[in-house]
Amino acid sequence: MGDRVILGPYAPGTAVDAALDQRRSDVVMTVRESGLRGRGGAGFPTGTKWMLAAAAAGDEKYVICNADEGEPGTFKDRVLLQEYPDLVFDGMVTAGYAIGAKEGYVYLRAEYRYMLDALENVLEKMRSEGRLGNAIRGREDFDFDIHIHLGSGAYVCGEESALIESMEGRRGEPRIRPPFPVVAGYLNKPTVVNNVETFALVSRVMEHGADWFRGIGTEESAGLKLYSVSGDVQEPGVYELPMGITVNALLETVGGTDAAAVQIGGASGTMVTRREFDRKIAFEDIATGGSIIVFGPERNLLGVLENFLEFFAEESCGQCTPCRLGTMRLLEGVRDLQNGSVEPERIDALRNLADSMAISAKCGLGQSCNAPFGSILDAHLEGVAR
Amino acid sequence: MKTNEEVREQEEARDVGTLVRVTINGREYRARRGATILEICQENGIPVPTLCAHDDLTSAGVCRICSVEIEGSWALQTACTMEVHDPGMVINTHSPRVRQARRAILELLLAEHCGDCYTCAASGTCELQEIADDYGIRELPYERREPRFEPDDTGPSIYRDMNKCIQCRRCIRTCDDIQSVGALGVFARGPEAHISTFADMPLGDVVCTNCGQCITHCPTGALREVDHTPEVWKALEDPDKHVVIQTAPAPRAAMGECFDLPPGTSVTGRMNTAMRDLGFDRIFDTNFTADLTIMEEGTELLLRLKAALVDGDTSMKLPQITSCSPGWIKYMEHFYPDMLDHLSTCKSPQQMFGALMKTYYAEEQGIDPESIVTVSLMPCTAKKFESDRPEMVDSGHKDVDYVLTTRELAQMIREAGIPLPILEETSFDEPFGDASGAGLIFGATGGVMEAALRTAYEIVTGREVPFDNLNIEPCRGLEGIKMASVKLEGVVEEWSFLEGAELKFAIAHGLANAQTVMEMLRDGELDDLHFIEIMACPGGCLGGGGQPMPVNDEIRRARATAIYSEDEDLPLRKSHENPHVAYVYEKFLTDGPCGHKSHDLLHTHYTPRGRELK
Ligand SMILES: Cc1cc2nc3c(=O)[nH]c(=O)nc-3n(C[C@H](O)[C@H](O)[C@H](O)COP(=O)(O)O)c2cc1C
Ligand code: SF4
Ligand code: SF4
Ligand code: SF4
């Protein structure tokens with residue numbers, strides 16, 4: 001599989017040392033120039049996010065690592081936390097330095113509780129080595145500590161504002177935005193929320209430089225990316241590949257060339273079929289937080305869609321009308337479709353509903369239902385699989 | 001470095017008054033910087049449908065019906081949450097995408113909504129019905145959802161049918177933010193989410209004050225009062241019953257709204273005629289017992305002051321707190337059970353009235369109290385609970401039989417086809433007809449305090465309160481918590497111990513404000529106060545849970561104006577000058593205010609309840 005960089009050797013502290021050699025504002029610039037975009041799914045430019053948080057008024061700021069990894073089919077953050085915790089934590093320390101925060105939190109998916117002790121041990125070691133806590137690396141002007149907060153077990157708590165609500169002890173429901181967390185986040189203070197992988201990549205950018213990162217991938221989607229590959233492939237697992245490779249290239253790498261369809265981006269992602277396998281996996285084409293699920297020709301795609309919609313209906317926080325009731329109605333529709341009793345007008349009405357949810361739901365959960373709904377329905381109608 | 005707060009304050013200071021240019025539906029407007037799109041649209045007469053928004057509440061952005069299109073943003077934005085800060089925003093409130101999304105939202109809501117408008121208390125004021133009508137939804141693309149809930153009729157005041165609920169969460173925000181009670185919450189997730197009480201307990205068993213603010217903030221018929229109209233109709237139709245109705249001050253200032261009269265139209269005389277036409281045997285004014293309350297509660301205050309200042313008796317607690325708002329009483333019983341001795345022992349005017357009706361009035365008129373049915377017209381749902389309190393039987397009967405809210409009486413008047421707006425005006429019946437303006441202003445926050453001051457000051461000093469035309473302005477207005485004081489100088493012999501004393505008082509309305517006051521009191525910050533007036537509902541009774549909908553501060557102010565101007569027009573402005581009150585003390589409560597007889601009939605005790613659920 002060639003040399004791996006993200007998942008390659010890492011000497012703990014390297015990234016932080018590199019960051020501390022620069023002024024805070026230069027760290028932000030380095031991250032900006034690297035072209036790094038958030039790996040949690042939405043792809044917001046990480047340097048811009050940090051710049052906004054650094055510029056926000058107030059001297060109490062927070063860094064949060066989103067380790068809720070709830071998207072069906074992803075497990076790359078788990079691998080990072082299990083095997084490269086220093087890489088992730090160093091990325092958080094770097095962020096703390098860059099934006100002027102003193103505290104960071106890891107919002108750890110409830111199912112990952114088993115890692116808690118190991119992670120705490122790493123943090124303790126970092127503290128004992130002066131890489132965490134007061135006056136990091138002897139720098140009197142830089143205190144930063146990291147705490148781990150166990151998640152509540154709901155998918156929507158991975159949405160950054162719901163995550164913050166949950167951390168503050170309330171029902172995990174997305175907030176009104178704007179204001180965004182960079183302005184009013186945890187405890188209403190400026191807060192940077194980044195994905196686990198994003199922090200890991202920050203460390204690699206600090207280690208190898210912005211130009212190195214920028215030189216990989218495409219113009220709009222720089223750098224390397226981890227993919228959690230599952231389904232009908234010979235070698236499922238976590239892969240490290242450049243951004244912007246085609247679906248075909250990915251399938252070749254993972255031994256999935258028999259695929260009839262690939263779901264890119266998990267339940268909230270898009271399904272592509274064979275005739276679109278030359279499309280790029282990148283923010284400008286098909287975006288993904290990293291979940292790649294491969295379906296062979298024997299799969300029942302409507303069954304897949306039904307599963308996804310069951311997931312959404314169950315995981316919807318239920319606060320906004322389009323998602324609370326729309327998920328249920330889409331699910332009903334797909335079940336009826338499976339029973340073969342659906343008029344074309346009904347299908348149009350369902351698509352219309354999914355589109356309306358996309359533009360009117362309060363958060364990404366309800367907004368993204370139309371991606372799987374429209375694309376899987378298309379794939380089904382195309383007859384690419386059973 | 002500046003703190004966040006300082007920066008925000010600075011930004012706000014800069015923002016205040018500045019205007020930004022926005023384009024809405026192709027036309028240019030100037031808007032206050034920081035206003036929401038919804039506010040800007042409302043100020044400029046551009047209709048935007050809303051369900052979860054309410055003037056009294058912070059935005060939630062959950063119903064999504066107010067979604068609008070903003071140039072440059074792929075998703076729609078909710079007008080109720082989106083603030084305009086930068087100039088040049090281009091907004092469209094009715095683009096094809098906007099209409100598509102709103103229609104989809106409405107179809108979803110209507111397909112899960114189980115209710116028939118023609119049997120619904122909200123019909124005519126229901127915001128869902130109105131929007132559905134605007135959008136002309138004629139058929140639904142879904143099968144209707146089956147009813148999921150058993151209506152909850154366990155509460156003494158509030159009836160909940162969650163099958164009509166659209167989950168706008170206005171009730172929750174009201175209960176949490178305006179009332180600080182927290183009786184309601186969201187439970188379960190996704191399509192199973194619903195509004196309920198703690199652990200889905202029946203409303204009758206949870207910590208609820210029965211204030212009914214959730215009802216007046218609910219856009220649909222999911223919440224309404226427990227209906228007493230069938231019993232009242234039955235009593236009216238029974239020739240053997242002598243049915244009397246007492247009418248509180250606030251309904252007359254709001255009843256007109258149920259008949260499309262503008263808020264602030266006082267309909268006292270017309271309402272009297274309507275009640276006569278309905279067949280009530282006597283129409284009385286609760287203001288009479290409001291005057292009586294002032295005599296009792298004012299005397300109680302002076303006694304407490306004497307006990308504290310002269311006798312050094314610490315068992316009589318100061319400050320004394322008013323007790324006429326039954327939602328407030330229940331709140332105290334739940335949240336401050338250890339501080340109940342601050343409450344005046346006076347019953348509310350409603351309950352004093354009921355007790356006198358079946359004793360003094362029955363005696364005077366030679367009517368068997370058994371055959372008297374006492375109905376009260378109240379702006380309040382908690383009054384229903386209050387009338388059911390087991391101790392409220394001091395007359396030897398249930399003192400108050402039925403309580404009608406303003407909305408319920410309006411309903412009866414409409415059912416009978418009585419054209420209230422064009423009726424002639426008639427007056428109240430004697431002997432409980434003439435009341436003072438002091439009793440009338442009980443209907444507004446600060447009114448009890450003002451009425452008490454008009455009397456207490458004069459008793460103590462022998463002079464009228466030193467305010468222009470008896471209007472004690474510091475007691476008025478919708479500020480959440482008001483504090484003021486009056487200096488007592490040149491006092492008469494009997495009250496010489498009060499010479500030079502500064503009578504300090506506070507006024508709060510809405511239970512969240514009440515909570516603030518109680519916490520301050522608990523922390524010892526209000527030890528120098530003598531008297532506190534608290535009303536459970538925002539604005540006082542005129543904003544009560546039994547009043548017409550919609551309600552907001554503008555409407556509350558209009559109702560207050562109606563009450564205060566009626567007060568100014570009355571010949572009697574002070575409770576102690578009410579000749580009937582004097583007569584009652586002379587003939588019936590012969591040992592005077594706070595004497596034995598009045599203690600038996602007009603005073604009560606409270607039940608420490610705590611927050612334990614049943
Ligand atoms: C329903 C929902 C679930 C999400 N779950 C996650 C998650 O598990 N992990 C994650 O990093 N981001 C998740 N996100 C995205 C976050 O809201 C946020 O964009 C991200 O944490 C920002 O980090 P990034 O910029 O590094 O990607 C989710 C978003 C939505 C709408
Ligand atoms: S879109 Fe769904 S998950 Fe997001 S706020 Fe609305 S109901 Fe909650
Ligand atoms: S709540 Fe509104 S829409 Fe529903 S039945 Fe009542 S009036 Fe009709
Ligand atoms: S009961 Fe009424 S106010 Fe409460 S959520 Fe339902 S519709 Fe809204």
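In the text below, chain A, chain B and the rest are named by the order of the sequence lines, each starting its count at 1. Given the structure is predicted, the values throughout are model-derived calculations rather than measurements. Values below: all heavy atoms of this structure, side chains included; hydrogens, waters and symmetry mates excluded.
- With a threshold of 4.5 angstrom between heavy atoms, L51(B) does not approach chain A through any atom at all.
- Ranked by heavy-atom pairs under 4.5 Å with chain B, the first of P322(A), P174(A), A358(A) is P322(A).
- Applying the 6.0 Å contact sphere to CZ of R23(A) captures no more than 12 heavy atoms from other residues, nucleotides or ligands.
- Shown here is E519(B), whose CD atom has more than 12 heavy atoms of other residues, nucleotides or ligands within 6.0 Å.
- Residues of residues 326-334 of chain A lying under 4.5 angstrom from chain B, judged on non-hydrogen atoms, are G326(A), T327(A), M328(A), R329(A) by number.
- Residues of residues 359-372 of chain A that come within less than 4.5 angstrom of chain B, heavy atom to heavy atom, are I359(A), S360(A), A361(A), K362(A), Q367(A) in numerical order.
- Across all their heavy atoms, R189(B) and G172(A) have their closest contact at NH2-O, 3.2 Å.
- Closest of all the heavy-atom pairs between L108(B) and L325(A) is O-CD1, 3.5 Å.
- Of all heavy-atom pairs spanning R324(A) and A193(B), the tightest one is CD-CB, 4.2 Å.
- For A188(B), the part sitting under 4.5 Å from any heavy atom of chain A is the backbone (N, CA, C, O) and nothing else.
- At distances below 3.5 Å, at least one donor-acceptor pair connects side-chain atoms of T321(A) with backbone N or O atoms of C63(B).
- In this structure, chain B has heavy atoms under 4.5 Å from both the backbone and the side chain of Q319(A).
- Highest contact tally toward chain A, considering only S67(B), S59(B), C52(B), A60(B), is held by A60(B) [criterion: heavy-atom pairs under 4.5 Å].
- If you measure heavy-atom distances from R145(B) to chain A, the contacts under 4.5 Å come from both the backbone and the side chain.
- The SG atom of C320(A) sits 11.0 Å away from atom CD of Q167(B), with the distance rounded to the nearest 0.5 Å.
- Using a cutoff of 4.0 Å between basic side-chain nitrogens and carboxylate oxygens, E173(A) and R169(B) are scored as salt-bridged.
- Residue S356(A) holds its OG atom at 3.5 Å from CD of Q100(B), rounded to the nearest 0.5 Å.
- Between P141(B) and R346(A) the shortest side-chain heavy-atom distance does not fall below 4.5 Å.
- A distance of 7.0 Å separates CG of L350(A) from OH of Y142(B), quoted to the nearest 0.5 Å.
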